[in-house]
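Heads up, the thing below is written out as structure tokens.
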Amino acid sequence: MPASHFLHQLQLCARRRTPSTAKRLHAQLIKTALHLCVPVPNTLLDTYGKCGLVEDALHLFDEMPHRDHVSWASILTAHNQANMPHRTLSMFPAMFESDGVQPDHFVFASVVKACSSLGAVRQGKQVHARFFLSPFCDDDVVKSSLVDMYAKCGLLDNARAAFDSILSKSVISWTAMISGYARSGKKSDAFEMFERLPVKNLFSWTALISGLVQSGHSVDAFYLFIDMRREGIHIVDPLVLSSIVGACANLAVLEPGKQVHSLVIRLGYESCLFISNALVDMYAKCSDILAAKDIFGRMHRRDVVSWTSIIVGAAQHGQAEKALSLYDEMVAVGIKPNEVTFVGLIYACSHVGLVSKGRALFRSMIEDYGISPSLQHYTCFLDLLSRSGHLGEASNVIDSMPFDPDEPTWAALLSACKHHGDTQMGIRVADHLLSLKPEDPSTYILLSNVYAGARMWENVAELRKLMAAREFKKKPGYSCIDIGKETQVFYAGETSHPMKDEMFSLLKELDAEMRRRGYVPDSSFVLHDMEHQEKERQLFWHSERLAVAYGLLKAVPGTVIRIVKNLRVCGDCHTVLKFISSIVKRDIVVRDATRYHHFSSGECSCNDFW
DNA sequence: ATAGGGTTAG
């Protein structure tokens, strides 16, 4: 059998990604002693890489008596493809230091890509300099990868300079630049480039749409997706679908989410792993945890993202025990948790006050899985400790952690001091928090309550001065509710709605019944300086109450009322919604800025902590 | 023989 036959077979195998065939061909090559004939070793290396067998590729690479720039390009690319860009960068210097081989344009492209996936600007710039001085400095492919590298590192001007230096711009160069602008939230630049792009393919549309989703412009992304469908672009690859499912998740819009889901089914991508993962997350974020569980239950294959999505979903919906039992199942089937999984797990423990379980998980994360805790892990853990009254331990953790605590961290501790009546510590924390010049209006409410509780009026006065000086604008609160196919948005204090009279009398009626059942309005959640009566009136017109009233009037009787709020639910509305759920015997689900509240028979899934 | 753009969980 001639060597050319084997080369052909290997290339076929690389294209079809069939690792077992690769190994069989390798064995046959050794038997026929062809495995040393140029270019067989390099082709084998490439095939192993493409089949996902990096370790075998590396073994082969180490044994090679003679390595040229093609061998190097292949092994570096293999590591990129195996999602090990770190190894690409750590191996690269040995190319000239040990083998005396200079990088060519293929090698440059691979190394720049590795810098790009790691966000390693410093090394990226070094490679750029080396490329600039090399004989390959005119190569447009390397320049495209530089565009991507700078854009991913947030250096849009450098990316643009690289883009402008490309002599003959391909659709790939354009896509890299558009994606860079979109991901960085430079919406108008992204749109302008996209308009100028002469031929738009699925890749270019996907780059713009997914970039916008990542930078929080999910509404724009959604409308673009509709344009793309109208243009008749064939969705031959499901990646754009995962972005658009993600857009529905970000916006917490269940109806459009369901429509996208049915499109996914029509196009035949429902069983694609990362699409199912995105769907699980979308349903959880749209408050339909049952649908999320259903998708998860029907998945043929589940990876760490699938498990983490459902664990985080269960935790956020107040189902802590479920989250923890899912974790046991996940470990039992041999899936290794990662740092995101532990965020969900510690969050779950914090929800139900499982202190020792949370401590054990925090330790296990470090000791069993070698994950060093991030600020987010510390924040979850601190939340757990302080909520359950372990204030001293929480304060020790703050002192010993390798991060500077931020506003939410101190605020969580302060809220716990208030809740557990530790005035001494509360005042210390409050003073510290105040010195950080907080940004979040809710921090001021908390501080004001703590100082007022301790009768420290001069501090309350100072707080007011500070707020006036900072002139921070309170974001207007709004709540959305879907009735059938239409969405209604309610702003706080809204008085122009066509159904306002009916909503008002319903709320009045419910208010009377609530007071009979022992409800006392808690106006400490109203920030502004005003008369007591006026404060109560303000509470009465909070947007979530308007949305609930509308839902009770318009939604099909007996169905779950789902509301999405942009800010956090205030403490008084939280009490009111619990009362309403028991008075009208309806389940109400509110997704606020930080968590999910399932109100049912007078109780809430968040255990009254939020 | 080898390279560059779009992908899900906090």
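Lettering follows sequence order; numbering is per chain, from 1.
Screening A:R16, A:R15, A:Q81 against A:K50 for a side-chain contact (heavy atoms from CB on, under 4.5 Å) leaves a single residue, A:Q81.
Using a 4.0 Å heavy-atom criterion, one finds that A:R302 contacts no nucleic acid atom at all. Counting non-hydrogen atoms under 4.0 angstrom, A:Q316 reaches nothing in the nucleic acid. If you check every strand for non-hydrogen atoms under 4.0 Å, A:D68 touches a base. In this structure, A:S306 reaches neither bases nor backbone, as no heavy-atom distance under 4.0 Å exists between it and the strands shown. Residue A:T175 is classed as a base contact, given a heavy-atom separation below 4.0 Å to a base. At a threshold of 4.0 angstrom between heavy atoms, the contacts of A:N338 include nucleobase atoms, whether or not backbone atoms are also involved. Residue A:N42 is classed as a base contact, given a heavy-atom separation below 4.0 Å to a base. A:D139 comes within 4.0 angstrom of a nucleotide base, judged by non-hydrogen atoms across all strands. At the heavy-atom level, A:K50 lies under 4.0 Å from the strands shown only through sugar-phosphate atoms. Note on A:V312: only backbone sugar-phosphate atoms sit closer than 4.0 angstrom, heavy atoms only; bases stay farther off.
A salt bridge does not link A:D157 to A:R160: none of the charged nitrogens lies less than 4.0 Å from a carboxylate oxygen. Note on A:E270 versus A:R298: salt bridge recorded, some NZ/NE/NH1/NH2 to OD/OE distance being below 4.0 Å.
Ring centroid separation for the pair A:H59 and A:Y48 does not come in under the 6.0 Å cut-off.
Side chains of A:V107 and A:D104 form a contact here, defined as non-hydrogen atoms less than 4.5 Å apart.
Within residues 202-213 of chain A, the residues approached by DNA chain B to less than 4.0 Å at the level of any non-hydrogen atom are A:F203, A:T206, A:A207, A:S210, in residue-number order.
A:W307 contributes atom CH2, which lies 14.0 Å from atom CG of A:N338 (distance to the nearest 0.5 angstrom). Annotation: the span from A:M177 atom CE to A:D189 atom CG amounts to 7.5 Å, rounded to 0.5 Å.
Running 5' to 3' along DNA chain B, contacts with non-hydrogen atoms of chain A at under 4.0 Å begin and end at B:dA1 to B:dG10.
Cation-pi check for A:K200 over A:F194 is met; the charged atom lies under 6.0 angstrom from the ring centroid and within 45 degrees of its normal. The side-chain tip of A:R130 does not point at the ring of A:F108 from less than 6.0 angstrom away and within 45° of straight on.
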